[in-house]
Each structure stands twice: as structure tokens, then as C-alpha cells.
Protein chains: 2
Amino acid sequence: MDIGKNIRIKDIAKLAGVSVGTVDRVLHNRGRVSDEALKKVTSVMDQIDYKPNLIARTLGSNKNYKIAALIPDPTVDAYWAQTNLGIIQAQAEWAQYGVTVDTFTFDIFDKNAFIGLAQEVLETAPDGIVMAPIFYHESLPAFELFRDQSIPYVLFNTNIPESQPLGFIGQNLNQSGRVGAELINLGQHESGTFAVLHIDEDVHDSIHLLEKEKGFREYFQEHRKHKFEIVDFILNPNDPSFDNQLEQLLADKTLKGIFVSTSKGTSVAASYLEKHGKRDIRLIGYDLLDENLKFLRSGIIDFLINQNPKRQALLGISHLVNHLMFKKSAPSMELFPLEVITQQNVDSYLGSGIH
Amino acid sequence: MDIGKNIRIKDIAKLAGVSVGTVDRVLHNRGRVSDEALKKVTSVMDQIDYKPNLIARTLGSNKNYKIAALIPDPTVDAYWAQTNLGIIQAQAEWAQYGVTVDTFTFDIFDKNAFIGLAQEVLETAPDGIVMAPIFYHESLPAFELFRDQSIPYVLFNTNIPESQPLGFIGQNLNQSGRVGAELINLGQHESGTFAVLHIDEDVHDSIHLLEKEKGFREYFQEHRKHKFEIVDFILNPNDPSFDNQLEQLLADKTLKGIFVSTSKGTSVAASYLEKHGKRDIRLIGYDLLDENLKFLRSGIIDFLINQNPKRQALLGISHLVNHLMFKKSAPSMELFPLEVITQQNVDSYLGSGIH
DNA sequence: AAATTAAATGTGTGCGTACACATTTTAAAA
DNA sequence: TTTTAAAATGTGTACGCACACATTTAATTT
């Protein structure tokens, strides 16, 4: 049919017996077209399958887009370091298309500084923003500022749907907790105790963590026949009683497994298990951080659930670029698969570029 | 630095004090340039970071690329049906860029017809080819034909590295078998038997399957402390003794788990386990086929390893388009992660568009 | 009917690259 | 030195779209 040449605006104009200008006005409905001409053009449009050449469109406009990325300081946290890698990769990928990405980092212990940073971002007048809104209350006024300037923003890691972002990239946290529960439960036949550990310097994403715990508990309500107790810890490594609390937990002879809700906490828990020689306690945690990988390979950690922070950032930026540059709209919510990482498949994840 | 305008060929020409034509000749080294001019241009190139505008480049050439996809008949096999979905998605994705994908299907039971099909493909004079070379010997002459016409080809599913394709998309099969072994071994404390089942109408990808088995066995050689026996079956559902062989296997009271190496065979084995009420035997299989999902959800299948045929095809075509249209080269081998699918994370895989 | 204004339509140019072709410079032959 | 060929370099155009601007046509007003 359509082999060889593609249909161009010019072709439509010829078929409709009008000029390309008129076709252009119809296509983008910017008025100033007579009913007669409109009818002629739409009639042609109905018969043929016109697909605008996105390449040509983009070449014409040829704007240099500036994107701002707001993330927690990657130098003090391995999780956000991975996020940063995603930003760097996106930067490299889109540089040829004239996209620049400026990263703005904030201190996860200093909520109040956040809004100031948002202001600072605005002063650079970016064309779009990607951010990880880990401070709920402090993010809301930032969103308002962005909307006032009608700067589109994409969220990742944590969703705040009521802010109506252009898009969200992340995971279903409740389901993530369920996966954790499933993995910890696998092949456990005797009764005993499971522990859920939230290890974090701050409670900054407690909603985040509690959502996982909720899913974890739901799973057991639905699936468990035998009697199992779930104990719950919210631990701060800076708390003087931190060591004590953990040691006490490990002293429990009936302890069968530990589910750690944070990526950083995973390796902390693992080092305790290692120190006490508790290789038989199943440990489930989050993310492919170097520390975690070490413990996964040595068998202390049994499973890691991959949140793929790198890819979250990468896709967030791609989402924005597609919107700005190609005027292409992607689904407003992209939920990543809940990847289960084991000793045997971990390398296949590390090897492949995107994942 | 580089904010605002990007460096264009025109800019380089001005800086070097030559014309754009000369710069063009240097960039694409098509000769006809004096040593002096060459030096001037390369000197400028060393100082600045020129990145050609891929959009403009593509617009200029503006060829309509025709890609041929060679796959087994998707109407008779759910696995290849998924592959076909990937091709269809790629088709939709690239249609706007003037790329057409023609699918050529072959009968997996008729090896001899394959070379004829390859000939047929060549007659349509495609600009590139993606194929799943499941017939090793029959594929070799096809590759030769493609190379004679210098038509680039990308392989997926099965690799034939010695044919030096433009790229390969697939998985590490040995490691895949290891993952299967790891999952089957998880939490098994008593001694017993594990079975490896190759269920397939034909032995067409036996190398494929044996590679998985090799990895499976290697894992046990390295990890198992307790005594476990591995039994091995190569089954053909069309064989009259098929039922008997399977029933006999299930009669073994020490049987702890089954690892099925094929996607289709997975649901076949599952239906037997269901029929005999053997819910305690761990079953590991391949791929998110509808049949398999049913058994995974009902708990007959414990784990599925996702080969992601859809994405393999999708990426294979993208690889080719990037090569042809954007002259961008991707890594020549893309090994997908070995995704472990469970009851609890399966929906997160089905939901997300790409995975 | 002529003049004025508004509406409708058409024309032209730039975006950055690649490539064909025209022009200039240099080297070799007469 | 002039002629001729070859090498080097420069110029112009197409690719498809968007948008600014020029031109034409229709509707009002004088």
C-alpha cells in the first residue's frame, strides 16, 4: 500500500486542493480556516492515514531543553547514588538531542532546606523537573510553585498522586511487601517468628516503609496456615539502643526470617547476622547496592527485591523528554516489576545495561 | 559551557576556516581533502565536543526502511505468539519513522522449508533482518546469503556467534539452568530426587535445552551437601509412551521438584501434577504464557523464569533500526536478566508495558 | 462604487545534515 | 607560458514540519 514514500503535509494539501498552510492550520486547529476548506481537508484525513514525521517536527523547533533533577545527596547514600547514575546515563543519552540535565541535591535530614532548593531550581528556569518527593509536606508547596510557572514535573520513587504530576515512575509498595512475605515464607514448615525491620536514620519515608509492611502482613493473613508471629522494629542506627535491640532480636531462637524494608538497612541487618553466625535465618532486603551484593553472594542475604533506582531516574527523564521534545505522551504511571534477585541471577541483572 | 546552542558542522567550518563541505568530508573521511585542511579541522574537533544532530541526519536521508522478521509460526505456539507481540509492538513504535516490519513465519517441524523461506525473504530486499535461528544447520546458509547481499541481521532467542550477527538478544542459558536449580533447591532439607524435563514436540532446540540442564547440574555439583539424585527426561508429547513416562516419574515418592526447560512443557507438567494432586512437588518452568500463569496462580507452578520473548523481539528490531536509521551502534550482545516470577510479583510484570 | 477592514489562504524560510554539483586552486603536461 | 587534467574546496538543495509573514478574497463601511 503505503510502501515507499510516506504521506506528507504537502500531499494532503494537494489531495485536498489547498495549501500546506491551510492543512497546517487544520491539523493544529488554530482557526482561520473556512468551513469549506476544513471539510476538504478532514475528508482527505479520514481517507488516508497521516502520521507526522516526528523527526522533522523536532528538527524544526530545535529547542535546547533544560531539565532539573531533584534528588537526595547521592554522596552519602548508596541508594541515591544509583539514582544519580540513572541521571548521568540519561544525560549522556539525550545530550545529542540538546537536552541538559542539572542535578540539585538536598540533605535528607534537612526538610526545611528543601523548599529553598525548589526555589533555587525555579530560578534556573528549567523546562521540566524530575524529582523524588521524599518529604511529603515540604513537597506540596514546591509543586504549587512548579504549577504556577507551568513547568511539568515527573515524580519517581515516591508517589504523591494528588499533586497530579505529569507522570510517576516507581513500584507498588504494598505488593512489594507481599513479595517479601512470599519469599520469607517459602519452604518454612515449622512455626516461628518473622521480623520486619525498618532501619533508617530518619523516618523520612515512613509512609513508604509502612506500606511495604502492610503488604507483608496482608500476605500472611491470607496465606499462612501454621502459627507465625510477626514482630516489628523501627530502628535508627544512631540510637544508642540500636545494637541492643538487634542483639535481642537475634537471641530469639524461634526467629526464622527477617524482612528489611530499606536498601541501606539490608546490609546493616546482614552484618549482624554474619557477626552472630546466623546463616540459617532467611534475610530479605532491597536493592543491588554494593554492600548488599556482597552479602547476597556470601549467602547471608537470601533475596533482594530490586527497586531499580537507576532505571527509575532514567525513565523519569525520558518521560519528560518525550513530553517536551516529541510531544509524545506516555502512561502517567509506570510501575516497575518487583524483581526478585538471588545469588544465581544477580549477575544477569548487573550485566545488562538498562535493567 | 555549552548552554544554549549546540555546535553544528557550520560552526566547526567557521572555526577551522574552511567550508562545511570540507568538514563533511573530514567527518566522513571520504578523502579529497588537503593535509592542511584536514589538520585544521581535526584540531578544532579535538578542542570541541561535536555531537552530530541525529535528528537532522535522519531527516536528510529519510529512507523508508523495510525489516524482515523470521520467526516460527506464532499461531501454533504460545511462546512464539509472545514474540510476535513484540514484533507488532515494534511495528507500531517505529511506523512513524517510516519503518515497516514484514513477518515471515516457518514451520518448526519442517527444517528443509527454512532455507526456502530465507530465499523468499531476500526477494523482498529488506534493509535488515531479525530472526530466531532455532535450526542451527539450516541457518548457516541463510546467514551466508544475507552476508552476500550485505543485509545486516540480528539474532534473538538462540545465539549463533560464529555467524557474526550485528547483534544478539537473549539470555545466558547455562545461568538460567542455575537459577532453576537454586529455586528448586531453596528450603529443601530432606534428601530426594529432582527431575529435569525437556518436553518438546521436536528436538529442534535441544542444544538450547541441554545448556540449561548443564547449568542446573553444575549448580548442584557446587552447592549441594545432602544427597540428591537428578533424573533426566526427554519427552515428546506425541510419543505414545509420554503419559506412562510422566506417571512413572510422579509415582516416585522421593520426588521433590521438577525443572521443566521449555515454556510449553511447563504447563504440560503442571497439568499432570494437578491431576495427581501433587501440590507439594516444587515446579519450576519458563515464561509467562497464559497456561503457565493459570498454574502459577493456583500454586501448582512455584516459579517461572521469564525469557521475555516479547521484549527480545522488540529490542532486536530496535537494535536494527538504530543501526540502519540512526547509525547508532548498540552492544552486540544484550543478555536479558533472568527474571524470577512468583505468585506475588507476576502482576507487576504483566502490568508494566515493556517488561 | 470605492475604501477599509477582517478573514482566509498561500508563500517562504529555518532547523542541521548529507550529498550532488559548481567553482577554484594546484600540479602536470604541452 | 599556456593548456589540460586533477585535486581541493565551496555552494546549493532536499528532507518534512512549523511558524512568520505576504497576498488574496470576502465582508463592511463610507
Side-chain angles (χ1 to χ4, degrees), chain A residues 2 4-42 44-45 48-65 95-99 324-328, chain B residues 2 4-42 44-45 48-65 95-99 324-328:
Chain A
D2 172 27
K5 296 269 111 213
N6 258 341
I7 295 155
R8 327 190 290 290
I9 286 186
K10 211 173 163 182
D11 300 318
I12 299 172
K14 194 174 284 175
L15 287 169
V18 295
S19 75
V20 290
T22 303
V23 176
D24 177 65
R25 278 181 286 268
V26 172
L27 285 175
H28 301 84
N29 48 279
R30 16 178 168 257
R32 320 236 130 211
V33 176
S34 69
D35 288 355
E36 192 192 4
L38 182 90
K39 212 180 297 171
K40 283 195 286 188
V41 173
T42 48
V44 172
M45 295 293 294
I48 57 131
D49 178 33
Y50 172 67
K51 287 186 176 154
N53 184 325
L54 297 181
I55 292 173
R57 172 182 291 173
T58 308
L59 179 63
S61 67
N62 191 42
K63 199 177 164 333
N64 273 42
Y65 291 98
Q96 291 172 311
Y97 295 92
V99 175
L324 293 170
M325 177 169 286
F326 300 107
K327 283 152 188 69
K328 249 188 184 174
Chain B
D2 170 27
K5 297 269 111 217
N6 259 341
I7 295 154
R8 325 190 291 290
I9 286 186
K10 211 174 163 183
D11 300 317
I12 298 173
K14 194 174 286 174
L15 287 170
V18 296
S19 76
V20 291
T22 304
V23 176
D24 177 65
R25 278 180 285 269
V26 172
L27 285 174
H28 300 83
N29 49 281
R30 16 178 167 257
R32 319 239 130 207
V33 176
S34 68
D35 288 353
E36 192 192 4
L38 183 90
K39 214 180 295 171
K40 284 196 284 187
V41 173
T42 47
V44 171
M45 295 292 294
I48 57 133
D49 179 34
Y50 170 68
K51 289 189 174 151
N53 184 324
L54 298 180
I55 293 172
R57 171 181 291 174
T58 309
L59 177 63
S61 68
N62 190 44
K63 198 174 163 335
N64 273 43
Y65 291 97
Q96 290 173 308
Y97 296 92
V99 174
L324 292 170
M325 177 169 287
F326 299 108
K327 284 152 187 66
K328 249 188 184 175

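Note: hydrogens, waters and symmetry copies are ignored here, and every other heavy atom, side chains too, is used. Below, chains carry the letters A, B, ... as their sequence lines are ordered, and counting in each starts from 1.
As rounded to whole Å, 18 Å separates atom C1' of C:dT17 from atom NZ of B:Lys51. With rounding to whole Å, A:Lys40 atom NZ is found 13 Å from C:dG10 atom C1'. Nucleotide D:dG10 holds its C1' atom 8 Å from the CZ atom of B:Arg25, rounded to whole Å. The distance from atom NZ of A:Lys10 to atom P of C:dT11 is 12 Å, rounded to the nearest whole Å.
Closest to the side chain of B:Asn53, from the set C:dC21, D:dA18, C:dG16, is C:dG16. Closest to the side chain of A:Ala56, from the set D:dG10, D:dG16, D:dA18, is D:dG16. For B:Val20, taking side-chain heavy atoms from C-beta onward, the closest of the listed nucleotides D:dT9, D:dT11, D:dC17 is D:dT11. The side chain of B:Leu59 lies closest to D:dG16 when the candidates are C:dG10, D:dG16, D:dT9.
Residue contacts for A:Val18: at a heavy-atom cut-off of 4.0 Å it reaches the sugar-phosphate backbone alone, with no base atom in range. Residue B:Ile9 is in sugar-phosphate contact alone, with no base atom involved, counting any heavy-atom pair closer than 4.0 Å across all strands shown. At a threshold of 4.0 angstrom between heavy atoms, the contacts of A:Arg57 are confined to the sugar-phosphate backbone, with no base atom among them. Using a 4.0 Å heavy-atom distance criterion, A:Asp24 is classed as a base contact.
Within the 4.0 Å cut-off from OP1 or OP2 of C:dG10, at least one side-chain nitrogen or oxygen of A:Thr22 is found. When the side-chain nitrogen and oxygen atoms of B:Ser34 are compared with OP1 and OP2 of D:dT9, one or more of them lie within a distance under 4.0 Å. For C:dC19, the OP1/OP2 oxygens have a side-chain nitrogen or oxygen of B:Arg30 closer than 4.0 Å. One finds a side-chain N or O of A:Tyr50 lying less than 4.0 angstrom from the OP1 or OP2 phosphate oxygen of D:dC17.
Side chain of B:Tyr50 to main chain of B:Ile12: no donor-acceptor pair is present (N/O by atom type, distance under 3.5 Å, no hydrogens or angles).
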*Please lay out, stage by stage, how B:Asp49 and B:Ile7 fare under the test side-chain contact (heavy atoms from CB on, under 4.5 Å).*
CA-CA 8 Å; B:Asp49 179 34; B:Ile7 295 154; 5.6 Å; no
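A salt bridge links B:Asp11 and B:Arg8; the closest N-O separation between the charged side-chain nitrogens and carboxylate oxygens is under 4.0 Å.
Each of B:Asn53, B:Val20, B:Val26 was evaluated against B:Ile9; a single residue qualifies, B:Val20, per the side chain to side chain contact (heavy atoms under 4.5 Å, CB included) test.
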